[in-house]
Amino acid sequence: MLKFWDSSVGKKVVMGLTGLILVGFVIGHMAGNLQIFLGMERYNAYAKLLQEDLIEVTWAVRVVLFVSVVLHALSAWQLTRRSWAARPVEYDMREAQVSTYASRTMRWGGVFLFVFIVLHIGQFTLGWKWLLPEFARGAAYGNVVLAFERPLWVAFYLVAMFFLLLHLFHGTWAVLRTLGLARNAAEPLQRRVPLIIAIVVTVGFSLVPLGVALGIVR
Amino acid sequence: MSGTMNIKLKVWRQAGPKAPGKFEEYTATEVSPESSFLEMLDVVNEKLVLEGKDPIAFDHDCREGICGMCGMMINGVAHGPSKLTTTCQLHMRSFKDGDSITLEPWRAKAFPVIRDLVVDRSPLDRIIQAGGFISVATGSPQDANALPISKMDADEAMDAAACIGCGACVAACPNASVSLFTAAKISHLGLLPQGQPERYRRALSMVAQMDLEGFGGCTLFGECMAACPKGISIDFIKRMNGDYIWGAITEKPEKVTLGSG
Ligand code: HEM
Ligand code: SF4
Ligand code: FES
């Protein structure tokens, strides 16, 4: 067990498994959020379901997600340190040949996603006043509308979704290889399904701040 | 002579492993487009020797793309601009008159520079020593069809066995990861019946050794595959990961050899 965690492949597998859990979560979370377009009543009822009626389930999910994010970020951090140490003298010149922009932004994009996750939870779940002074417990719909009436928050969420798009584009493709599950391919670098997943998830999420900003949701 | 080229070279010069290195500039004059890249360097070196200077050290042996000795970063690309080509098989017709070419050694903590463009690639040997073999005597060659092997497996094993151990995958990888080499060596044995008994133990031992040598981890950038003169596919890395996971689940701890070095 310890030897597994010590090895670069083992850490990557942990990153992949926890990443998969997070992918499953973001798909469900995105679908749930879209209920905002069904009106305040429906949306607040959904929020109440998660916050009161199913609170035990919610807590179980929260624990799994918390552990996943911590392990995911920890393995990412440690592997990044190892990679940096593996090339102490940089090239004067090294030209990327086939690596995607997405793959090259996994690390800093991941850091941004981490900051986003903290602020997002602080804003809508914990109700930190400095993020959303008008936050009211139990008024999920109102909180969302109040937040996204501010262009700065809309912009911040859209930037985060851009990084999520990149992260999912590389991540959902890479994870099948990390876990040894993908099939051999003539063009192993080609990825279509990951692109679809990444677009569906990020567009779905982005519709909410955009809906408020455009006055469709108010 | 008409049709020849003048090429500006910027070359990493380093007297020894501990010595500080720096770039030096040279001009290769009257280079024939038909000459190979290493022949161009030979001519530059002859001139340097005549001038009483140290020639540029670079690794090479077969000069026909099969031994894996040669290799350097050529304008930021491992083995230079031709796909599926070792440095020794690169020809000057890939360049134009007046081009500037930057030459650097493979850069990785695990590949210390010995001199100029020559690096120590013995970590690759130690990764093989850690498990890249079959322990039982498999006998003298049998009749070709005595041991049935599917055409697909045979082809795939041959694709993996094409690796010549040049180290370009490490050089090109932003993580300085040796995963492509290790995966190729694990797979060409693991795909064949003779390699089955040690398949998962092999993956555990060889991965442990590559970590021990100080290479980075794989992030599936894909740069290794683009640099590899033998076109080794990153599908083998996926296979190595799968073998490693299964080995971690099934292999009894005392069977795992820890690797040397
Ligand atoms: C907490 C902030 C996060 C950080 C710091 C982070 C960082 C990283 C890094 C550095 C990688 C490795 C890239 C590679 O090896 O190619 C990675 C992979 C991945 N991430 Fe994240 N990430 C974060 C959040 C997320 C989220 C929210 C999701 C899901 C929506 C996610 C899903 C994935 C997946 C599926 C992979 C692929 C794993 C693999 O290659 O096997 N990550 N992440
Ligand atoms: S996998 Fe390709 S690039 Fe890497 S050592 Fe083998 S032949 Fe060279
Ligand atoms: S010198 Fe043998 S492969 Fe280039």
Side-chain angles (χ1 to χ4, degrees), chain A residues 1-17 75-76 78-104 106-107 110 170-171 173-191, chain B residues 10 12 21 23 73-78 83 102 104-105 107-110 113 152 156 170-179 203-204 207-208 210-211 213-223 225-227 233-246 248-249 253 256 258:
Chain A
M1 196 64 197
L2 275 179
K3 213 179 271 165
F4 187 78
W5 173 248
D6 237 11
S7 101
S8 58
V9 175
K11 279 194 206 298
K12 187 82 197 293
V13 168
V14 171
M15 178 152 71
L17 287 174
S75 46
Q78 294 182 342
L79 286 174
T80 301
R81 291 278 307 267
R82 280 194 196 180
S83 290
W84 288 346
R87 178 162 295 136
V89 183
E90 249 312 322
Y91 287 109
D92 188 57
M93 199 175 176
R94 188 177 61 74
E95 300 291 330
Q97 300 295 299
V98 294
S99 61
T100 57
Y101 183 70
S103 68
R104 283 179 266 127
M106 289 303 271
R107 288 165 183 164
H170 182 75
W173 168 82
V175 67
L176 295 184
R177 276 135 193 99
T178 299
L179 300 178
L181 298 175
R183 277 194 270 170
N184 284 357
E187 300 278 349
L189 289 172
Q190 225 172 52
R191 46 201 96 169
Chain B
K10 185 178 152 194
W12 182 260
F23 283 102
M73 284 304 252
I74 301 171
N75 278 344
V77 182
K83 292 279 155 241
T102 300
E104 284 181 88
R107 292 211 185 275
K109 178 162 164 264
V113 172
M152 271 160 71
E156 206 183 333
V170 178
C173 176
N175 300 316
S177 169
V178 75
S179 292
L204 293 180
V207 166
M210 74 177 191
D211 285 345
E213 299 287 352
F215 293 100
C218 173
T219 11
L220 291 159
F221 283 116
E223 293 292 340
M225 186 168 83
S233 167
I234 54 168
D235 280 339
F236 291 115
I237 296 181
K238 166 210 76 186
R239 189 185 159 84
M240 167 176 82
N241 293 341
D243 280 4
Y244 184 89
I245 294 170
W246 192 242
I249 296 171
V256 180
L258 252 183

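Residue numbers start from 1 in every chain, and the chains themselves are labelled A, B, ... in the order their sequence lines are given, proteins ahead of strands.
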Residue [X] versus chain A: region with a heavy atom under 4.5 Å:
| X | value |
| --- | --- |
| D243(B) | neither |
| E223(B) | both |
| P105(B) | backbone |
| F23(B) | side chain |
| A171(B) | both |
| F215(B) | backbone |

Hey, is the main chain of [Y] close enough, under 3.5 Å, to the side chain of [X] for a donor-acceptor pair?
| X | Y | result |
| --- | --- | --- |
| E104(B) | M93(A) | yes |
| N241(B) | V9(A) | no |
| Y91(A) | R107(B) | yes |

Let's test your reading of the structure: which of [options] forms the most heavy-atom pairs below 4.5 Å with chain A?
| options | result |
| --- | --- |
| R239(B), K109(B), K10(B), M210(B) | K109(B) |
| A110(B), C173(B), A78(B) | C173(B) |
| T102(B), N75(B), V170(B), V113(B) | N75(B) |
| P174(B), A248(B), G217(B) | P174(B) |

Side chain to side chain contact (heavy atoms under 4.5 Å, CB included) between L189(A) and M225(B): does it pass, once the steps are laid out? CA-CA 10 Å; L189(A) 289 172; M225(B) 186 168 83; 3.7 Å; yes

For [X], is it the side chain, the backbone, both or neither that has a heavy atom under 4.5 Å from a heavy atom of chain B?
| X | result |
| --- | --- |
| R81(A) | neither |
| W84(A) | neither |
| V89(A) | both |
| A96(A) | both |
| A182(A) | both |

Quick one: of R87(A), R177(A), R183(A), who has the most non-hydrogen atom pairs under 4.5 Å with chain B? R87(A)

Any idea which of L79(A), D92(A), L181(A), V13(A) has the most non-hydrogen atom pairs under 4.5 angstrom with chain B? D92(A)

Gap separating the [atom1] atom of [X] from the [atom2] atom of [Y], nearest 0.5 angstrom:
| X | Y | atom1 | atom2 | result |
| --- | --- | --- | --- | --- |
| R107(A) | T219(B) | CZ | OG1 | 5.0 Å |
| K12(A) | L220(B) | NZ | CG | 4.5 Å |
| Q97(A) | F221(B) | CD | CZ | 14.0 Å |
| S7(A) | D211(B) | OG | CG | 5.5 Å |
| N175(B) | T80(A) | CG | OG1 | 8.0 Å |

Identified side chain to side chain contact (heavy atoms under 4.5 Å, CB included) partner of K238(B) from the options N184(A), L176(A), L179(A): N184(A)

Over all heavy atoms of both residues, which pair between D235(B) and P188(A) is shortest? Give the atoms and the distance, please. OD1-CB, 3.6 Å

Which heavy atom of A86(A) sits nearest a heavy atom of A176(B), and at what distance? O-CB, 3.6 Å

